[in-house]
Amino acid sequence: MSSISGSVTKTEAHQAAVTPIRSSLWRQALHRLRKNKLAMSGFIFIVFMLLACFAGPLFSPYADNKINPANMNAAPSLKHWLGTDMLGRDVLTRLLQAGRISLTVGIASMCISVILGSILGAVAAYYRGIVDQIIMRVADLLLTIPGLPILFIMGALLSEWKIPSEYRMYIVMLMLSFIGWPGLARLVRSQMLSIREREFMQAAIVLGLNDRRKLFNHMIPNIIPLLIVVATLSIGGAILSESVLSFFGLGVMPPTPTWGNMIDAANNLIDFEKHPWLWIPPGVAIFTTVIAINIFGDGLRDVLDPKQKK
Amino acid sequence: MSTYLLRRFLYMILILFAASLLIFMLYALMPGDFVSNNMKLTAERKAELREIYGLSKPVMERYFNWMNNAFHGNFGYSLAQQKPVLTLFNEYIWNSFLLAVTSTFFTWLLAVIIGVIAAYKQYSWFDTLVMIGIFAAMSIPSFFIGLFLIKMFAVDLKWLPPGGMLTTGSNATGMEFVREVVDHMMLPVIVMTLLGVGSLTRYFRSNMLDVIRQDYIRTARAKGMRERVVLYRHALKNAMLPAITLVGFELPGLFGGSLIIEKIFNWPGIGQLYMQSFTVRDYPLLMGFTMFIAVLTVIGTLLSDILYHAADPRVRL
């Protein structure tokens, strides 16, 4: 930023004379992001998916999920765009309702793991010593144990304890963030260790600020760009993990639909071979949503945190 | 270096101990065991069997027994298959290895070729296409793409078998046998390659981009060297070097199988063995498998650090 060549400064000065632009780093980032066509198309798709899933079912005549024995396993038609399932329910409506759960689980588990990971990572880097040791050793331990088998065990535990279907969704969020925070804590800690030594932190010490203010008002704001990028990218991962768990019947269970447990239809040989409209649309939905999230997240990284690119 | 390695090694042992305790507790916490699922047994017989298998003892005692045996190279006895866990691992692991090693080979080959070309022609239409492909490959739900390919190539087109390692009832030998296995491997290898190739291509692309901008590349060009020589002899070598640190991280994948892919394609590997044992709560096998992966992960990380040092002596351990 410091070495702007003469000509650029001139044009910028010219622009400033014509229209007074308020410029901040965030505004510049937003401006650059808007110019990235690929990232913006990802963003538009995400917004479209959110709108379709959360508002779409409101306009569907089949939103009550009434069982219709007269119209079972019907192929896609004008009345039912994606056909109906073995209970005669409209697949498109269920797909959108499932999207609500899958997206919510993805976003919520990302939030929990980002909050956990950044607070624990920041605390470890700030206090050092024994606190650092405890937090990072636990993180190391969790990173050593293979994630998928652990998720499977936890999923099986939920089934054994007969957790009602409507609560499982929340527990699945917690499970995914339990697996997700250690990697994040490591990243945050390494950033914090360098921030901790900067001059403005000395100023904060001289001012006699308490630890809470130093941590939350002075240290964490410095890694917010990084956190935004990592958070965005981790939503995709969380959606994928949830779908794997639900597909194997260890995540969110029917009757609560998710994209993962809708694909479960493929475990039935007849549905797999003869009724592809039951399981291909949810798979495509997962795939396209995660691509959009990854593309958008990558665009965000380009503008917010170019150093991390690799 | 050697003090560092010693410290790392001790820490590794410590972490593995903690991991073993955690893994054991998780499985011990799971309600129900191998005996309780069997409807044919009477209550007395169940109690008797639990006594024989040592399931009735207190949890901590069971843990110490397990660890003690593990140190003597005995990871217990699979209850469902009535064989020692390690014997079973040895039976299944090589099938997993076959799948993993083939797909790892193709993944690396494709990633290097595509990554290098994309970097060399940065911002060309090919590069853009590769970038989109990378995002797509990184976003594939593995189980879905597996099912989709089975539906397309096995069910609809009938080009390839849907799963397993051999055709049912087949007793082919020699070249016939090899052909059959290759046919069955095709789909799972394609899926595993697809899943891995995205991030690796990206890695090689950005490495190559870094290297191309270095001064010594400019020097090589200024000397009037042919572009091919500059690219392959000077740039590629240096772009490949950091990748040897990734070899360590491949270790759990190479020997640990893939739970999802092996399950979908019904491949008789160690991941599939895990999934089967999971439904019948065959704890010795489940714990052995989880611990095995944890050990591989730790060794892999250590290996990466050492290789990193070997590749780039500027990195001090």
Side-chain angles (χ1 to χ4, degrees), chain A residues 38 42 137-138 140-157 159-162 233 236-237 239-241 243-244 247-248 250 259-260 263-267 269 272-274 276 279-280 282-298 309-310, chain B residues 11-12 14-16 18-19 21-23 26-27 29-32 128 131-132 134-148 150-151 155-156 162 198 202-203 206-207 210 252 256 258-260 263-264 271 274-275 278-279 281 286 289-298 301:
Chain A
L38 201 60
R137 294 306 81 90
V138 172
D140 281 351
L141 178 62
L142 289 178
L143 286 170
T144 306
I145 299 176
L148 210 51
I150 295 297
L151 285 177
F152 282 178
I153 299 165
M154 292 197 274
L157 269 177
S159 303
E160 289 282 350
W161 287 336
K162 308 234 165 13
L233 291 172
I239 291 178
L240 286 179
S241 306
S243 69
V244 170
F247 171 72
F248 285 113
L250 297 165
W259 287 336
I263 302 180
D264 184 46
N267 283 332
L269 194 67
F272 177 66
E273 292 188 358
K274 300 275 186 306
W279 59 273
I280 290 185
V284 173
I286 298 171
F287 184 42
T288 48
T289 309
V290 178
I291 290 192
I293 291 172
N294 281 342
I295 288 181
F296 178 61
D298 194 70
K309 179 124 188 144
K310 233 187 189 181
Chain B
Y11 181 55
M12 199 175 109
L14 215 69
I15 277 283
L16 282 178
L21 188 65
L22 191 65
I23 289 169
L26 267 172
Y27 286 105
L29 206 77
M30 250 164 100
T128 315
M131 283 315 277
I132 294 173
I134 287 172
F135 285 124
M138 280 167 40
S139 316
I140 297 174
S142 50
F143 63 101
F144 173 70
I145 196 78
L147 290 167
F148 186 76
I150 294 176
K151 165 84 176 145
V155 175
D156 292 345
R202 189 181 193 174
Y203 180 81
S206 65
N207 267 359
D210 280 351
S258 160
L259 300 185
I260 301 168
K263 171 86 181 148
I264 297 279
Y274 178 88
M275 296 299 273
F278 197 78
T279 32
R281 301 269 188 277
L286 297 176
F289 175 80
T290 318
M291 200 56 215
F292 177 62
I293 307 274
V295 171
L296 286 179
T297 310
V298 171
T301 319

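Just so we're on the same page: letters track the sequence lines, and every chain starts at 1.
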Minimum heavy-atom distance A:Asn294-B:Phe135, with the two atoms named: O-CE2, 3.7 Å

Straight-line distance of B:Thr128 OG1 to A:Leu38 CG, nearest 0.5 Å: 8.5 Å

Residue, of A:Gly236, A:Ser243, A:Gly260, that accumulates the most heavy atom pairs under 4.5 Å with chain B: A:Ser243

Most chain A-contacting option - heavy-atom pairs closer than 4.5 Å, from B:Pro141, B:Pro252, B:Ala137, B:Ala18: B:Pro141

Contacting moiety of B:Met291, where chain A heavy atoms sit under 4.5 Å: neither

Heavy-atom pairs under 4.5 Å with chain B, option from A:Val290, A:Ile153, A:Leu157 with the top count: A:Ile153

Min side-chain heavy-atom separation A:Leu148-B:Tyr274 under 4.5 Å: no

A:Ile286/B:Phe144 under side-chain contact (heavy atoms from CB on, under 4.5 Å): CA gap, chis, key distance, verdict: CA-CA 9 Å; A:Ile286 298 171; B:Phe144 173 70; 5.9 Å; no

Intermediate values then yes/no, side-chain contact (heavy atoms from CB on, under 4.5 Å), A:Phe247 and B:Leu147: CA-CA 12 Å; A:Phe247 171 72; B:Leu147 290 167; 3.8 Å; yes

Test item: A:Pro149 and B:Leu259 side chains (from C-beta on) under 4.5 Å apart, heavy atoms: yes

Exceeds 12 heavy-atom contacts within 6.0 angstrom, atom CZ of B:Phe148: no

Residue part contacting chain A, namely of B:Ile264, when any heavy atom lies under 4.5 Å: side chain

Residue selection (most heavy-atom pairs with chain A, distance under 4.5 Å) from B:Leu26, B:Val298, B:Thr297, B:Ile140: B:Ile140

Proximal component of A:Leu250, with respect to chain B [non-hydrogen, under 4.5 Å]: side chain

Side chain, backbone, both or neither of B:Leu14 within contact of chain A (heavy atoms, under 4.5 Å): neither

For B:Ser139, the option from A:Ile293, A:Ile239, A:Ile291, A:Ile295 that meets side-chain contact (heavy atoms from CB on, under 4.5 Å): A:Ile291

Geometric class of the B:Phe143/A:Phe248 ring pair [parallel <30°, tilted 30-60°, perpendicular >60°]: tilted

A:Leu141 versus B:Ala19, closest heavy-atom pair with distance: CD1-N, 3.3 Å

Interatomic distance, B:Met138 atom CE to A:Leu240 atom CG [nearest 0.5 angstrom]: 10.5 Å

Spacing of CD1 belonging to B:Ile15 relative to CD1 belonging to A:Ile145, to within rounding of 0.5 Å: 9.0 Å

